[in-house]
Amino acid sequence: MGDGVGLFEEMKGRGLIAQVTDSAIGEMLNSSSLSAYIGFDPTADSLHVGHLVQIFNLKRLQEHGHRPIAVAGGATGLIGDPSGKSEERNLLDGDILAQNLARIEAQLSRFLDFESKTNSALVLNNADWLGRIHLVDFLRDIGKYFSVNQMVAKESVKSRIASRDQGISFTEFTYMLLQSYDFLHLFDNYNCILQMGASDQWGNITSGIELIRKMRQKVAYGLTTPLVLKADGTKFGKSESGTVWIDPDKTSPYQFYQFFLRAEDEVVGSYLRSFTWLGADELGELDLATVREPGKRRAQNALAAAVTDLVHGPEMTRKVKVAAQALFSEDILGLSEEMLALAIEDAPTISIPASSLSDGVALADLLYDAGLAKSKSESRKVIAQGGAYLNNVRVADPDVKVNSGDLIAGGVLLLRRGKKDYVVVRVTT
RNA sequence: GGGUCGGUGUCCGAGUGGCCAAAGGAAGCAGACUGUAAAUCUGCCGGCUCAGCCUACGGGGGUUCGAAUCCCUCCCGGCCCA
């Protein structure tokens with residue numbers, strides 16, 4: 001699938017390379033076929049948009065003839081990586097971790113090709129090897145190669161040690177050894193010579209490379225990608241309603257699409273490069289469009305469509321686009337029943353019994369029940385401040401009764417909080 | 001183990017007997033202006049059956065008319081010593 005341009009140049013052009021351990025990596029990626037891995041710790045039951053850069057990098061790797069290996073951290077997830085974390089983590093329960101792992105493996109599988117004759121992808125679980133090691137063996141065989149002096153100097157550890165009231169537990173301190181051992185294991189058993197990851201993984205990656213050098217007298221390589229940030233420099237991946245997950249049950253495709261649609265002008269260009277496969281010509285055009293006609297948001301639209309396409313498929317993308325257009329249109333009441341049905345098909349929905357509408361439900365209660373307010377207090381406040389809309393019409397009285405007379409086409413209510421958050425209320429009999 | 005400092009709302013952080021649902025900042029939410037952007041401005045920002053009540057300042061107990069504030073005890077963390 002290589003398109004003539006070398007993988008390394010392509011990644012570089014897209015701003016996807018932060019650091020490499022050796023400049024030879026460029027040549028290796030372009031000419032030979034190698035195995036490379038990225039680790040994912042199953043700290044939640046789904047991957048989120050923050051993981052997409054790495055997943056897509058594996059995909060790019062495979063498209064250029066390399067074998068991508070995704071390592072799910074069944075063992076390291078139990079420990080917790082201190083990198084980029086300002087405080088000690090709570091340990092995850094083993095059962096929960098196992099469930100998370102299964103789902104994440106399934107998600108990873110969607111993006112990679114496992115059928116290829118030449119460079120089929122692999123998903124491995126590091127519990128398969130880390131779980132078998134005996135402590136004393138590990139300390140003798142692996143621990144011997146690690147200098148605490150050097151570990152302490154690593155940024156991820158240093159910051160925690162410097163932190164006045166946090167500190168770092170021995171458990172998290174050892175994380176680096178486990179990740180290094182992963183690399184060694186993959187190097188030995190899968191001929192994997194490259195580890196990739198976000199730039200906060202640099203310390204962990206290089207320590208794996210050192211371990212391989214010391215134990216095998218062989219060279220392994222590392223490549224990191226820049227952390228994706230929001231325009232204000234804060235962490236990417238959270239929306240107003242929390243983390244943006246890949247699992248459609250945790251973040252609806254509609255919300256997923258909206259998240260990318262709302263990308264700030266300053267970063268939309270880099271997002272397009274990280275999260276889509278658009279070519280240089282198109283990227284250039286969109287950059288220009290953002291400068292010339294920012295109000296049209298062409299880049300944002302292209303971004304949202306392309307990413308939703310990759311993650312949820314073209315059919316879903318089409319639906320959420322229609323939904324967005326309809327919901328943000330001026331008069332929802334003017335929409336045909338058919339259009340409305342299509343628009344709200346995949347919007348978040350709650351159901352209420354018809355009987356409650358015949359008595360009338362206070363708007364404040366409805367907003368709360370719909371999940372648009374965390375408490376009834378909040379619900380009342382939002383309404384009083386003019387932030388609540390019933391069928392796209394602002395209603396500022398929290399005690400106003402909503403009844404069956406408010407139902408619109410198809411027998412639903414459209415409830416909105418603020419400008420962006422919609423919930424469709426369906427009536428059940 | 002000893003000493004010492006500390007544990008306050010989502011986070012940071014003031015408060016050392018009543019004026020404390022607790023200063024200030026950040027985050028977040030709503031509104032205005034815009035482009036479903038950014039910046040800015042205004043308001044909100046524990047809960048509830050909301051002009052009232054309930055729950056809260058690490059846990060438990062106590063002193064007091066009254067405690068985030070004082071005492072006892074336990075738990076947790078930092079630093080120093082062993």
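Being a predicted model, the structure only gives us computed values, none of them experimental. Numbered from 1 within each chain, the chains take letters A, B, ... in sequence-line order.
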Let's see if you can work this out: which of B:G35, B:U36, B:G31 has an atom nearest to the side-chain heavy atoms of A:Leu261?
B:U36

Tell me which nucleotide among B:C45, B:G35, B:A38 gets nearest to the side chain of A:Glu264.
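Per side-chain heavy atoms of A:Glu264, the pick is B:A38.
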
Got a second to check how far [X]'s [atom1] is from [Y]'s [atom2], nearest 0.5 Å?
{"X": "A:Asp406", "Y": "A:Lys401", "atom1": "CG", "atom2": "NZ", "result": "12.5 Å"}
{"X": "A:Thr308", "Y": "A:Phe256", "atom1": "OG1", "atom2": "CZ", "result": "5.5 Å"}
{"X": "A:Leu29", "Y": "A:Leu61", "atom1": "CG", "atom2": "CG", "result": "6.5 Å"}

Name the pairs: protein N/O against N/O of nucleotides 49-52 of chain B, kept only if under 3.5 Å.
residue, atom, partner, partner atom, Å
B:C50, N4, A:Ser377, N, 3.4
B:C50, N4, A:Ser377, OG, 3.0

Whole-angstrom distance between [N] and [M], as gauged at atom [atom1]:
{"N": "B:G6", "M": "B:A51", "atom1": "P", "answer": "41 Å"}
{"N": "B:A27", "M": "B:U10", "atom1": "C1'", "answer": "8 Å"}
{"N": "B:U69", "M": "B:A22", "atom1": "C1'", "answer": "12 Å"}
{"N": "B:C74", "M": "B:C79", "atom1": "P", "answer": "23 Å"}
{"N": "B:G77", "M": "B:G59", "atom1": "C1'", "answer": "15 Å"}
{"N": "B:G7", "M": "B:G43", "atom1": "C1'", "answer": "33 Å"}
{"N": "B:G61", "M": "B:A56", "atom1": "P", "answer": "11 Å"}
{"N": "B:A32", "M": "B:A39", "atom1": "C1'", "answer": "14 Å"}

Is any side-chain heavy atom of [Y] closer than 4.5 Å to one of [X]?
{"X": "A:Arg110", "Y": "A:Ile246", "answer": "yes"}
{"X": "A:Leu184", "Y": "A:Tyr145", "answer": "no"}
{"X": "A:Tyr368", "Y": "A:Leu363", "answer": "no"}
{"X": "A:Thr21", "Y": "A:Leu223", "answer": "no"}

For a quick check of understanding: with a heavy-atom distance under 4.0 Å over all strands, which category does A:Gly387 fall into, base, sugar-phosphate or nothing?
sugar-phosphate

Opposite nucleotide pairing with [N], Watson-Crick or G-U, both atom distances under 3.5 Å:
{"N": "B:U36", "result": "none"}
{"N": "B:A56", "result": "none"}
{"N": "B:U49", "result": "none"}
{"N": "B:A22", "result": "none"}
{"N": "B:C79", "result": "B:G3"}
{"N": "B:U69", "result": "none"}
{"N": "B:G28", "result": "B:C44"}

According to a strict under-4.0 Å criterion, is [X] in side-chain N/O contact with OP1 or OP2 of [N]?
{"X": "A:Arg416", "N": "B:A30", "answer": "no"}
{"X": "A:Lys381", "N": "B:G47", "answer": "yes"}
{"X": "A:Lys419", "N": "B:A37", "answer": "no"}
{"X": "A:Tyr389", "N": "B:G31", "answer": "yes"}

Of A:Gln255, A:Arg417, A:Arg416, A:Gln258, the one forming a side-chain contact (heavy atoms from CB on, under 4.5 Å) with A:Tyr422 is A:Arg416

Nearest-nucleotide comparison on RNA chain B, the residue closer to the 5′ end among A:Tyr257 and A:Gly418
A:Gly418

Select from A:Pro294 and A:Glu266 the residue whose nearest nucleotide in RNA chain B is closer to the 5' end of that strand.
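Upstream on the strand: A:Pro294.
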
Quiz question: by atom type and distance under 3.5 Å, do the side chains of A:Thr428 and A:Ser351 form a donor-acceptor pair?
no

Under the 3.5 Å rule, do the base of B:G31 and the side chain of A:Gln385 count as making a donor-acceptor pair?
no

To the nearest angstrom, how far is A:Arg417 atom CZ from B:C29 atom P?
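Going from CZ in A:Arg417 over to P in B:C29 covers 8 Å.
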
